Structures are given as C-alpha cells and as structure tokens.
*Asks:* 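My questions will all concern the structure given below.
In the text below, chain A, chain B and the rest are named by the order of the sequence lines, each starting its count at 1. This one's a predicted model, so the numbers in the text were calculated from it and none came from an experiment. Computed from heavy atoms alone, side chains included, the values below leave out hydrogens, waters and symmetry copies.
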There are 2 protein chains.
Amino acid sequence: MGASKTDFFTDKQNGIATLTKALAHPARIAIIEYLVKVDSCICGDIVNELPLAQPTISQHLKELKIAGLIKGNVEGNAICYCIDEKAITKLQDYFANISAKLQKKNTCC
Amino acid sequence: MGASKTDFFTDKQNGIATLTKALAHPARIAIIEYLVKVDSCICGDIVNELPLAQPTISQHLKELKIAGLIKGNVEGNAICYCIDEKAITKLQDYFANISAKLQKKNTCC
DNA sequence: TTTTAATATTGCAATATTACGATAAAGATG
DNA sequence: CATCTTTATCGTAATATTGCAATATTAAAA
C-alpha cells in the first residue's frame, strides 16, 4: 500500500500523528526554531535562512499551516508567519502526560 | 528527489525530527499508548490490539526501536517491549522550551 | 526431535514525500 | 501601466513509506 489506515485509529491518535508528522522533517523543525528565535515574525527570509529553494520552503510552510502548527497573516505582498501556541501546548501536554504515567509504573526493561 | 537534506541541519534538529518522524503515524502513536496503558510490558499482543497484520506491527516496532522510543527485551521466544522514557522526556522538554520562549514574546499573529 | 508459538525479514505493489525549475498570482513601487 | 517583490502552484523526477503475504528464524513445549 503506502496509505496509512487512519480510519482505524481514534481522532486523538490521528490528531497527534498529524502534528508529529508535520514536524517529522529537519527543515520544518528548523522553520519552527527560526520562528521562535525571531520574536517579530517578519518571515519570508526563512528562505534566506535555510538551504532550500523557495518552492520547497513554501511547501513546508503549507504543511505546517495545514497541521495547525503555524499561522499566516497577509501583510501587503508579504506574509507574516508565526507559531500557533496551541499546537505546541498540545504536544507538550501529550508528552508530559505520558511521562507522568510512566513515573507511576515500574518499567520492566 | 524524495530524500531529506539532513546534512544541512544541526544534529539536534535531526535528532528531534527522528523522534517526531517515528511518531508520525497513528499506528505508532497507538503502540506507544498501549505500552503506557499496560504497565507490565508483556507485548506481542499489540498485534491483537491493533488492526494491522503482524509483519506491519513488527515493522512499526522496528522503527520505534531504531528511533530510540522503545526498548526490547528478549524473554524466551517472546519479546518484551517498553517505552524508553528518555526519548519522551526529550520531546517533552523540547516543546516545553518552545512554549516558554513563546510566552516571553508578543506574537504578532 | 518434531511441533508449536512468537517475532523478524523479504519482496513487492500502492501511495506519499521531498525537492526544485518553471511559472503564476497579487500586491507594492516607480 | 510596467515592473519588481514576495509567495504560491504546477509538473515531475527521485526516493521513502505503508501494508501484507510468504517465508525465515528462534526458542519453548511436547
């Protein structure tokens, strides 16, 4: 095949997988880190920052946006991208919850 | 192409991307959640738990293992899998750090 | 030793991702 | 209006992922 059997998993599981999938590429991690670093979100210079062509960056931004990890504001002919905190919080909470549950159990390995 | 240009990113960025990539599939999220749920890690019944064939589960487990998210202990002819807390902690810390940094800045969007 | 049980590996088809050149679209600027 | 700047989209080649049947491997059990 090649297509994920998303139908068989819960919405929550698919939701987390959508977020992790959006971050499953070093370029997209680099984009997120760049957006964290520059506190104002005058973007587009992401293209200058990363060693990838403009269409490639644009495509990565699209994926991050569809997944809900970033938001884009049109400002004249430029677009201002920035991180959507809610998505980061969701991931943070998800892993914190797993961590907490693991603490309570005696892992056998 | 189709291959990620990992050479151009930092080890840390590639490291996070490796972890998120390993979790970038609902089946692998479901496996992690199952391992959290059953506090003893008598595994292999993951195959019974999920709607995927045994070779498929085996392949997903392999990916999680290579990424460092789970550990496997041979116990007789069965194998006991369990979560590697360090990887979860790494992800938790990573997103907590981003969250903290975002709090200090006035996001423009 | 033969059989059974649990897991891994191989091979392959279907599909998805990654990357980028070429080009389009849309607003700013002269 | 013509042009420049910025970003998006299209088309396409290279590669990766997903899923499973068939088969191999390994160790326990009979």
*Asks:* Rounding to an integer number of Å, can you tell me how far B:Asp45 CG sits from C:dT7 P?
*Replies:*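 Rounded to whole Å, this separation is 8 Å.
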*Asks:* Ignoring hydrogens and geometry beyond distance, is a side-chain donor-acceptor pair present between B:Gln92 and A:Gln92 at under 3.5 Å?
*Replies:*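 No, no side-chain donor-acceptor contact under 3.5 Å.
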*Asks:* A:Glu75 has an atom CD; how far is it from atom C1' of C:dA26, in whole Å?
*Replies:*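 After rounding, the reported distance stands at 15 Å.
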*Asks:* Answer with base, sugar-phosphate or nothing: what part of the nucleic acid does B:Lys65 contact at a heavy-atom distance below 4.0 Å?
*Replies:*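 No contact at all - B:Lys65 keeps every heavy atom at 4.0 Å or more from the nucleic acid.
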*Asks:* Counting side-chain heavy atoms from CB outward, which of D:dA16, D:dG19, C:dT18 is closest to A:His25?
*Replies:*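 Nearest to the side-chain atoms of A:His25, counting from C-beta on, is C:dT18.
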*Asks:* Nearest-Å distance, CD1 (B:Ile31) to C1' (D:dG19)?
*Replies:*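 Interatomic distance, CD1 of B:Ile31 to C1' of D:dG19: 13 Å.
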*Asks:* Nearest to the side chain of A:Ala53, which nucleotide is it out of C:dA6, D:dA16, C:dG21?
*Replies:*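 So the side chain of A:Ala53 is nearest to C:dG21.
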*Asks:* Using only side-chain N and O atoms of A:Lys21, determine if any of them is under 4.0 Å from OP1 or OP2 of C:dT17.
*Replies:*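 The answer is yes; a side-chain N or O of A:Lys21 sits under 4.0 Å from OP1 or OP2.
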*Asks:* Figure out the CG/C1' separation between A:Leu64 and D:dA8, and round it to whole Å.
*Replies:*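 Nearest whole value for this atom pair: 15 Å.
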*Asks:* Closest nucleotide of DNA chain D for A:Pro55 versus for A:Asn77: which of these residues is on the 5' side?
*Replies:*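 Mapping each residue to its closest nucleotide by heavy atoms, the 5'-most match is A:Asn77.
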*Asks:* Short question: side chain of B:Asn73, backbone of B:Cys80 - any donor-acceptor pair under 3.5 Å?
*Replies:*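 No, B:Asn73 side chain to B:Cys80 backbone: no donor-acceptor pair under 3.5 Å.
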*Asks:* Consider the side chain of B:Gln54, meaning its heavy atoms from C-beta on, and name the nucleotide among D:dT18, C:dA19, C:dT7 that approaches it most closely.
*Replies:*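 Of all the options, the side chain of B:Gln54 is nearest to C:dT7.
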*Asks:* Can you tell if the side chain of B:Leu61 reaches within under 4.5 Å of the side chain of B:Tyr81, non-hydrogen atoms only?
*Replies:*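 Yes; the side chains approach each other to less than 4.5 Å.
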*Asks:* Closest to the B:Thr56 side chain: D:dT18, D:dG19, D:dT6?
*Replies:*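 Minimum distance to the B:Thr56 side chain belongs to D:dG19.
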*Asks:* Atom CG of A:Asn48 and atom C1' of D:dT7: how far apart are they, to the nearest Å?
*Replies:*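 In whole Å, D:dT7 C1' lies 13 Å from A:Asn48 CG.
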*Asks:* Does OP1 or OP2 of C:dA6 have a side-chain N or O of B:Tyr81 closer than 4.0 Å?
*Replies:*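 Result: no.
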*Asks:* Rounded off to whole Å, could you give me the CG-to-P distance for the A:Leu61 and D:dA8 pair?
*Replies:*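 A:Leu61 atom CG is separated from D:dA8 atom P by 7 Å.
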*Asks:* Could you tell me the separation between the CZ atom of A:Phe8 and the C1' atom of D:dC20, rounded to a whole number of Å?
*Replies:*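 Nearest whole value for this atom pair: 14 Å.
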*Asks:* Counting any heavy atom closer than 4.0 Å, what does B:Leu52 reach on the DNA or RNA strands: base, sugar-phosphate only, or nothing?
*Replies:*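 Sugar-phosphate contact only - B:Leu52 comes under 4.0 Å of backbone atoms but never of a base.
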*Asks:* On DNA chain C, does the nearest nucleotide to A:Val74 precede the nearest nucleotide to A:Arg28 from the 5' side, or the other way round? Give the residue.
*Replies:*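 Comparing both residues, the 5'-ward one is A:Arg28.
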*Asks:* Separation of A:Glu63 atom CD from C:dA19 atom P, in whole Å?
*Replies:*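 Result: 10 Å.
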*Asks:* Compare the minimum distances between each of D:dA21, C:dA19, C:dA16 and the side chain of A:His60, then state the nucleotide with the smallest one.
*Replies:*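 The closest nucleotide is C:dA19.
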*Asks:* Heavy-atom nearest nucleotide on DNA chain D for A:Ile79 versus A:Gln59: which residue maps closer to 5'?
*Replies:*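 Whichever sits nearer the 5' end wins; that is A:Ile79.
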*Asks:* Return no unless some side-chain N or O of A:Lys62 is found under 4.0 Å from OP1 or OP2 of D:dT7.
*Replies:*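 A:Lys62 to D:dT7 OP1/OP2: no side-chain N or O under 4.0 Å.
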*Asks:* Where do A:Lys37 and A:Glu49 land on the salt bridge (Lys or Arg N to Asp or Glu O under 4.0 Å) test, with the steps shown first?
*Replies:* CA-CA 12 Å; A:Lys37 200 180 77 179; A:Glu49 192 75 5; 3.6 Å; yes
*Asks:* Taking the side chain as every heavy atom from C-beta outward, state whether A:Ile70 and A:Cys82 have any pair of such atoms under 4.5 Å apart.
*Replies:*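 No, too far: nothing below the 4.5 Å cut-off.
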*Asks:* Are more than 12 heavy atoms, taken from residues, nucleotides or ligands other than A:Asp11, located less than 6.0 Å from that residue's CG atom?
*Replies:*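 Not buried by this count: 12 neighbours or fewer within 6.0 Å.
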